[in-house]
Amino acid sequence: MTLPSLTSVGHDELTRWLAARGHARFRSDQVWGWLLRGVGFEAMDGVPKTLRDELAAAFRMSSLTLEKEVVADQGLTTKMLYGLDGGYSVEAVVMRYPSRITLCISSQVGCPIGCPFCATGQGPFGRNLRSHEIVEQALDADRRLAAEGRRLSHVVFMGMGEPLNNYQAVVDSVRQMADPDLLGISPRRMVISTSGLVPGIGRLLGEGLSATLAISLHAARNDLRDVLVPVNRKYPLEELIPAAREFAVVTGRRVSYEWVLLAGVNDTDRDADELLELIDTHQSHINVIPFNPVDGSPYRAPSRKRVMEFAARVRKGGLNVTVRDTRGRDGDAACGQLRARSLATVPLEVTL
């Protein structure tokens with residue numbers, strides 16, 4: 001039988017478990033502190049050996065196993081491939097910037113949406129991640145950064161998977177990462193991305209979270225978006241954009257619209273003008289993302305000149321625009337690429 005991880009049990013349940021075995025409350029805080037530092041049971045100083053043995057017989061420190069690590073951008077980007085129960089694997093990426101450190105986190109094994117320019121969408125879909133498996137990605141990143149004298153400051157659900165397709169686990173993980181006893185990261189520093197699952201956006205309004213909503217837009221007309229983001233056939237722009245606007249109005253948080261720029265596909269003046277017609281200038285932000293090439297993809301990255309021209313045209317029309325820094329091109333850091341390389345050589349148990 002696979003042992004549960006301490007993170008899946010939680011601090012309060014650990015306290016009850018220890019109390020039932022006659023251990024004082026402070027032992028729970030002690031063990032939890034070692035968990036946050038990533039110390040194995042055998043190395044927990046100050047914890048009696050009998051208790052360490054009890055813990056080791058009942059729990060795992062983590063349900064994740066590091067399978068591969070790639071460092072890129074002269075050490076500014078670190079990408080991890082984690083093994084999960086059942087033979088699955090997911091990716092997470094730590095990106096170091098001057099004023100923040102961001103973790104790009106996965107919420108599913110693969111992605112069922114099937115966007116044709118995305119490496120994740122080209123691979124098989126496995127399963128939803130459990131909330132503790134999401135949180136453990138952040139815990140591992142924070143431990144790594146602690147060794148550098150740094151702290152994880154931001155989390156974006158822009159790794160593998162469609163977060164709103166794994167709704168409850170994602171919402172639960174946001175609350176857990178915000179817990180001061182765990183990571184204490186404010187939801188205001190977290191971004192939940194979606195390809196456009198309109199009902200999920202409505203549900204988020206009732207959660208009372210202050211997380212930012214990001215929409216993977218990529219096209220401002222239905223015929224093109226039907227191809228680039230197939231879920232648009234179910235939730236077209238006429239439904240998606242009003243839902244995003246309502247989210248911005250009710251929460252007071254601006255919505256981020258993601259636009260992966262594909263040469264000759266969605267980088268023209270027409271595309272920029274259609275984007276300006278579609279999106280309100282109030283409480284919205286456009287993230288222009290140069291395409292990170294994927295093996296076997298028919299799409300190409302636009303020139304740097306074209307990227308800046310597109311962004312300038314949208315900015316001149318009144319929208320806030322950021323051209324996102326492309327990280328990890330030398331380290332398979334486009335979402336899904338590291339897993340794709342692993343799948344090319346390692347069989348994966350897949351549930352379709």
Side-chain donor or acceptor of Arg324 paired with backbone N/O of Ile289 under 3.5 Å: no
Flag, side chain of Ser106 to backbone of Glu91, donor-acceptor distance under 3.5 Å: yes
Minimum-distance pair of heavy atoms, taken over all atoms of Ser284 and Asn320: O-ND2, 3.7 Å
Side chain Glu13, main chain Gly10, donor-acceptor under 3.5 Å: no
Side-chain donor/acceptor of Asp271 to backbone N/O of Thr268, under 3.5 Å: yes
Donor-acceptor under 3.5 Å (Arg233 side chain, Asp226 main chain): yes
Side-chain donor or acceptor of Arg306 paired with backbone N/O of Ala301 under 3.5 Å: no
Side-chain (Asp142) to main-chain (Leu152) donor-acceptor, under 3.5 angstrom: yes
Hphob cluster co-occupancy, Met160 + Leu66, side-chain heavy atoms under 4.5 angstrom: yes
Any donor-acceptor pair under 3.5 Å from Arg151 side chain to Ala146 backbone: no
Nearest atoms (heavy-atom pairs only) where Leu182 meets Val135: CD2-CG1, 3.5 Å
Residue pairs fulfilling ring pair (Phe, Tyr, Trp, His ring centres under 6.0 Å) with at least one residue in residues 294-323, sequence neighbours excluded: Trp259-Phe310
Parallel, tilted or perpendicular: ring planes of His11 versus Trp32, cut at 30 and 60 degrees: parallel
Joint hydrophobic cluster, Leu3 plus Leu14, side-chain heavy atoms closer than 4.5 Å: no
Glu148 (side chain) donor-acceptor with Arg150 (main chain) under 3.5 angstrom: no
Phe247 reachable from Val249 in the ILVMFWY side-chain graph, under 4.5 Å edges: no
Residues Thr194, Glu162; criterion side-chain hydrogen bond (donor to acceptor under 3.5 Å, both in side chains); working and verdict: CA-CA 6 Å; Thr194 179; Glu162 161 56 63; 3.0 Å; yes
Given Ser5, Ser131, Ser8, the one that forms side chain to side chain donor-acceptor pair (under 3.5 Å) with Glu136: Ser5
Exercise: identify the closest heavy-atom pair between Asn222 and Leu237: OD1-N, 3.1 Å
Chi angles and distances behind the side-chain hydrogen bond (donor to acceptor under 3.5 Å, both in side chains) call for Glu67, Ser89: CA-CA 8 Å; Glu67 294 187 344; Ser89 58; 4.6 Å; no
Minimum-distance pair of heavy atoms, taken over all atoms of Tyr167 and Gly200: CE1-O, 3.7 Å
